[in-house]
Amino acid sequence: MGPHPAVAAIRLAVRRVLHDLLTEHHRTPAAVPHEHPPSSPPLVLVACSGGADSMALASALAFESPKLGIRAGGVTVDHGLQPGSDARAAEVVQRLRELGLDPVDSVAVSVGRAGGPEAAARDARYAALDTAAERHGAAAVLLGHTRDDQAETVLLGLARGSGIRSLSGMAAVSGAGGRYRRPFLELDRQTARKACMVQSLPVWDDPHNADPAYTRSRLRHEGLPALEKALGKGVVEALARTARLSRDDADALDSWAGQAEAAVRDAAGLLECAKLYALPPAVRRRILRRAAIAAGAPAGSLFARHIEEVDRLITGWRGQGAINLPGRVVAQRQGGRLVIRQG
């Protein structure tokens, strides 16, 4: 008799990602040949909070990696946001070692305040994971985001009203050089929880996940259940499908904008307003956004409303003055050219 269907599902998801990584590993020469030659087994880390999703992921990685000749390790991040979080992190380290993972790290971080508590914790977490991956020379870090997390991310993007890229949710592969992999984006949260239960894996439920002070928590416990009640049970799956389709569309538009950008610049490299005007709005706004970022505007502070204002210099020209953008960047129209530079 084979494993429980939930366990089989998580293992298959991880196996697929590990196969992809092995293929890439054998195809790509190491940047520092003497440190991590392609012939040595690649190391894959799992980011684990001790919750059901990441514990299920850790168990599947521990089971699948030896069969493929991959080294498997783990890292847990102690955000220091709750009393006893250091003891909790030590417990997670112990559990990962019991699964046979090695190396296993616990990294304590200090969470700032920029962008609100959820964004600040996320930024600190990814910085710690980046550092751990670089220190160990890891080929990838696996993250336990599920289809439910994806649905929540799409709804949060919809609420921000910031365009198709924010509706595309989380990518299966992201980060520098494709460092982050999300094997569970096609699996629901219940499958991960069931896999932990049938394997008798202890699971920690983070109280922040049920705290109504956090937007994502309210969405999880109030918003999505209300949507399911009104629209039926397929909402989570439909939102995850929306993310996939939106990502494909956004990627295509980004590619189009990249190709069109050279054609709308004059010999001096300045953007020509008439040529920009002739482009579809979705392509034109991407070019404007890229130009603003290239001039020094921080991507995270550059919102749709900023780009719409700059766009009006092209489409609604009435002799208006310069537009101030984040990062002390200024956009202005000068003699049929759009100039975006540090003010």
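What you see is a predicted model, and the numbers here were worked out from it, not measured in a lab. FYI, side chains are in, hydrogens and waters are out, and symmetry mates aren't considered; it's all heavy atoms of this structure.
- At distances below 3.5 Å, at least one donor-acceptor pair connects side-chain atoms of Arg247 with backbone N or O atoms of Ser168.
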Evaluation steps, side-chain contact (heavy atoms from CB on, under 4.5 Å), between His145 and Leu185 = CA-CA 6 Å; His145 297 120; Leu185 285 183; 4.1 Å; yes

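- With salt bridges taken as basic N to acidic carboxylate O contacts below 4.0 Å, none links Asp148 and Arg220.
- Counting only heavy atoms from C-beta outward, the side chains of Leu142 and Arg181 approach each other to under 4.5 Å.
- We find the CD-CE distance between Gln150 and Met170 to be 4.5 Å, quoted to the nearest 0.5 Å.
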task = List the steps and the verdict of side chain to side chain donor-acceptor pair (under 3.5 Å) for Asp249 and Ser246.
result = CA-CA 5 Å; Asp249 290 352; Ser246 298; 5.8 Å; no

key: side-chain contact (heavy atoms from CB on, under 4.5 Å) assessment of Ile10 paired with Arg15   = CA-CA 9 Å; Ile10 63 166; Arg15 193 181 318 141; over 6 Å; no

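- Here the shortest heavy-atom pairing between Ala89 and Ser106 reads CB-OG, 3.5 Å.
- Of all heavy-atom pairs spanning Cys48 and Thr76, the tightest one is O-OG1, 2.7 Å.
- Heavy atoms of other residues, nucleotides or ligands lying less than 6.0 angstrom from NZ of Lys229 number 12 at most.
- Residues Tyr180 and Leu21 do not share a hydrophobic cluster, defined by chaining ILVMFWY side chains whose heavy atoms lie under 4.5 Å apart.
- For the pair Asp78/Val109, no side-chain contact is recorded, criterion being any heavy-atom separation below 4.5 Å from C-beta on.
- For the pair Asp53 and Asp149, the minimum side-chain heavy-atom distance is below 4.5 Å.
- One hydrophobic cluster, built from ILVMFWY side chains closer than 4.5 Å, cannot hold both Met55 and Leu143; they sit in different ones.
- If you check the side chains of Thr23 and Asp20, you find no donor sitting under 3.5 Å from an acceptor.
- Using modelled atom types, one finds a donor on one side chain and an acceptor on the other under 3.5 Å when comparing Arg341 with Gln332.
- Using a 4.5 Å cut-off between side-chain heavy atoms of Ile, Leu, Val, Met, Phe, Trp and Tyr, with links allowed through other members, Leu227 and Val236 fall into the same hydrophobic cluster.
- Residues Leu167 and Leu158 meet the side-chain proximity criterion, which asks for heavy atoms closer than 4.5 Å.
- For the atom pair CG of Leu279 and CZ of Arg285, the computed distance is 12.5 Å after rounding to the nearest 0.5 Å.
- Gln199 contributes a side-chain N or O that, together with a main-chain N or O of Ala195, makes up a donor-acceptor pair within less than 3.5 Å.
- Atom CD1 in Ile307 sits 12.5 Å away from atom CZ in Arg290 (nearest 0.5 Å).
- Using a 4.5 Å heavy-atom threshold, the side chains of Ser49 and Val92 count as separate.
- Surrounding CZ of Arg16 are at most 12 heavy atoms belonging to other residues, nucleotides or ligands under 6.0 Å away.
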task = Determine, step by step, whether Glu91 and Arg88 satisfy the salt bridge (Lys or Arg N to Asp or Glu O under 4.0 Å) criterion, reporting the C-alpha distance in whole Å, the side-chain angles of both residues, the deciding distance to 0.1 Å, and the verdict.
result = CA-CA 5 Å; Glu91 218 172 286; Arg88 166 71 48 207; 3.3 Å; yes

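- Contact record, Ala58 with Leu96: CB-CD2, 3.6 Å, taken as the closest heavy-atom pair.
- In terms of hydrophobic clustering, with Ile, Leu, Val, Met, Phe, Trp and Tyr side chains grouped at heavy-atom distances under 4.5 Å, Leu68 and Leu57 are assigned to a common cluster.
- Within the 4.5 Å cutoff, the side chain of Phe184 has heavy atoms near those of the Val14 side chain.
- Between Arg284 and Thr315, the shortest heavy-atom distance links the atoms NH2-CG2, 3.2 Å.
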query = Is there a side-chain contact (heavy atoms from CB on, under 4.5 Å) between Thr191 and Thr146 once you walk through the steps?
reply = CA-CA 9 Å; Thr191 300; Thr146 62; over 6 Å; no

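- Summarising the geometry of Ser166 relative to Arg160, their closest heavy-atom pair is CB-NH2, 3.8 Å, with the distance given to 0.1 Å.
- With 3.5 Å as the limit, one finds no donor-acceptor pair spanning the side chains of Ser40 and Arg71.
- Among residues two or more places apart in sequence or in another chain, the ring pair (Phe, Tyr, Trp, His ring centres under 6.0 Å) test is passed with His306 by Phe303.
- Using a 4.0 Å cut-off between charged nitrogen and carboxylate oxygen, Arg312 and Glu309 do not count as a salt-bridge pair.
- At a cut-off of 3.5 Å, with distance as the only test, no side-chain donor of Ser59 or Arg11 sits close to an acceptor on the other residue.
- Judged purely by atom type and a 3.5 angstrom limit, His136 has no side-chain atom pairing as donor or acceptor with the backbone of Ala138.
- In this structure, Ile287 CD1 and Lys275 NZ are separated by 11.5 Å, a value rounded to the nearest 0.5 Å.
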query = So Leu99 and Leu201, side-chain contact (heavy atoms from CB on, under 4.5 Å) or not? Walk me through it.
reply = CA-CA 10 Å; Leu99 286 171; Leu201 289 173; 4.1 Å; yes

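- Contact check for Val44 versus Val17: no side-chain heavy atoms found under the 4.5 Å cut-off.
- No continuous path of hydrophobic side-chain contacts links Ile70 to Leu43 [ILVMFWY only; heavy atoms under 4.5 Å].
- Between Arg305 and Glu308 there is no salt bridge, since no side-chain nitrogen of the basic residue lies less than 4.0 Å from a carboxylate oxygen of the acidic one.
- For the pair Arg189/Arg147, no side-chain contact is recorded, criterion being any heavy-atom separation below 4.5 Å from C-beta on.
- Put simply, CG on Leu338 and CZ on Arg333 are 8.0 Å apart, with the number rounded to the nearest 0.5 Å.
- To the nearest 0.5 Å, atom CD1 of residue Ile314 and atom CD of residue Glu272 are 11.0 Å apart.
- When all heavy atoms are compared, the tightest approach of Val329 to Ala295 is CG2-O, 3.6 Å.
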